[in-house]
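One structure is given below, encoded as structure tokens.
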Amino acid sequence: MKRNQIDPQKNMSMLQAMVACKCPVCTKGNMFKTAATDLWNFNELKEECEVCGFKFMPEPGFYQVSLFFTYAVGVAVFIVFGFIAYYLFNDPELWVYYVVILIPAILVTPWNLRYSKVLMLYFLGGVWNSEREEE
Ligand SMILES: [Zn+2]
């Protein structure tokens, strides 16, 4: 089956598969070895999809660019929670900013790192452009 064909057996849309961190080709296999709540291994990708065999590492160093996405989301969290602290506590002392900004920034880190890899693979991994060999 070609990668860009629509598989009638698929039970998820591409968007649902992205949110669930599923394989971009078959939308069934998990991309990551563990759940996002596994603090020590949340960012570890599987080498390939256990359902269709798609390789999650298209080339060495593929996911290095995903750090730009991680950085952008991190800055956005700092700005949003900085404004929340400013307006909620009426321009509080500096330590309040630290607490209000750093706690959400730390809490979203696993999802931020994981979704930056998911977006990289879905949009830059050549999933929709190239043909896959017949099995
Ligand atoms: Zn797959």
Side-chain angles (χ1 to χ4, degrees):
M1 183 179 68
K2 291 176 188 173
R3 274 187 207 164
N4 51 4
Q5 279 181 334
I6 294 174
D7 183 353
Q9 299 296 313
K10 281 183 184 175
N11 49 11
M12 273 191 187
S13 72
M14 275 295 172
L15 186 64
Q16 287 173 315
M18 281 173 70
V19 170
C21 300
K22 298 289 184 184
C23 168
V25 175
C26 68
T27 69
K28 289 174 186 155
N30 289 320
M31 283 179 63
F32 292 94
K33 291 179 181 174
T34 63
T37 50
D38 182 341
L39 285 185
W40 304 114
N41 305 308
F42 63 83
N43 206 23
E44 285 188 25
L45 277 173
K46 292 181 177 176
E47 286 187 19
E48 59 182 41
C49 176
E50 73 258 8
V51 177
C52 69
F54 177 70
K55 300 251 184 285
F56 291 138
M57 183 66 104
E59 58 190 59
F62 177 73
Y63 294 104
Q64 287 178 351
V65 178
S66 71
L67 289 175
F68 290 109
F69 177 82
T70 307
Y71 176 77
V73 172
V75 169
V77 167
F78 271 62
I79 290 171
V80 166
F81 283 93
F83 275 107
I84 287 173
Y86 181 82
Y87 287 108
L88 207 60
F89 300 108
N90 197 19
D91 196 13
E93 292 186 42
L94 192 58
W95 69 268
V96 178
Y97 283 106
Y98 284 133
V99 171
V100 171
I101 293 170
L102 288 181
I103 289 173
I106 291 168
L107 289 178
V108 301
T109 297
W111 288 274
N112 189 359
L113 290 167
R114 285 166 71 105
Y115 283 118
S116 63
K117 284 185 174 178
V118 170
L119 289 174
M120 275 289 297
L121 189 64
Y122 270 72
F123 292 109
L124 301 174
V127 176
W128 294 317
N129 302 331
S130 58
E131 310 255 322
R132 200 165 130 231
E133 312 87 59
E134 298 282 333
E135 276 138 54

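Owing to the predicted nature of the structure, the values given are computational and were not obtained by experimental measurement.
Between Phe62 and Leu121 there is a side-chain heavy-atom pair separated by less than 4.5 Å. Using a 4.5 Å cut-off on side-chain heavy atoms (C-beta onward), Met120 and Phe68 make no contact. Using a 4.5 Å cut-off on side-chain heavy atoms (C-beta onward), Phe32 and Lys117 make contact.
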Verdict with reasoning, Gln16 to Thr27, per side chain to side chain contact (heavy atoms under 4.5 Å, CB included): CA-CA 9 Å; Gln16 287 173 315; Thr27 69; over 6 Å; no
Verdict with supporting geometry, Met57 and Leu45, side chain to side chain contact (heavy atoms under 4.5 Å, CB included): CA-CA 9 Å; Met57 183 66 104; Leu45 277 173; 5.8 Å; no
Audit row: Phe42, Leu113, side chain to side chain contact (heavy atoms under 4.5 Å, CB included) steps and yes/no: CA-CA 9 Å; Phe42 63 83; Leu113 290 167; 3.6 Å; yes
Verdict with supporting geometry, Phe89 and Val100, side chain to side chain contact (heavy atoms under 4.5 Å, CB included): CA-CA 10 Å; Phe89 300 108; Val100 171; 3.7 Å; yes
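To the nearest 0.5 Å, atoms CZ (Phe123) and CE (Met18) are separated by 4.0 Å. One finds the CD1 atom of Ile101 at 11.5 Å from the CD1 atom of Ile106 (value rounded to the nearest 0.5 Å). In this structure, Glu50 CD and Asn30 CG are separated by 5.5 Å, a value rounded to the nearest 0.5 Å. To the nearest 0.5 Å, atom SG of residue Cys26 and atom CE of residue Met12 are 10.0 Å apart.
Among residue pairs with one or both ends in residues 30-41, those qualifying as salt bridge (Lys or Arg N to Asp or Glu O under 4.0 Å) are Lys33-Glu44; sequence neighbours excluded. For residues 79-95, the pairs satisfying side chain to side chain donor-acceptor pair (under 3.5 Å) are Asp91-Tyr97, with sequence neighbours left out. Under the side chain to side chain donor-acceptor pair (under 3.5 Å) criterion, the residue pairs touching residues 53-82 are Glu48-Lys55, Thr70-Ser116, with sequence neighbours excluded.
Criterion: ILVMFWY side-chain heavy atoms under 4.5 Å apart, direct or through other members. Under it, Met31 and Leu67 are not part of a common hydrophobic cluster. Leu15 and Trp111 fall into different hydrophobic clusters, defined by Ile, Leu, Val, Met, Phe, Trp and Tyr side-chain heavy atoms under 4.5 Å apart, directly or through other members.
Judged by distance alone, with hydrogens and angles left aside, the side-chain atoms of Tyr115 form no donor-acceptor pair with the main-chain N or O of Cys21 at under 3.5 Å. Between the Thr34 side chain and the Asn41 main chain, a donor and an acceptor come within less than 3.5 Å of each other.
The minimum heavy-atom distance between Cys23 and Cys52, with the atom names listed, is SG-SG, 3.6 Å.
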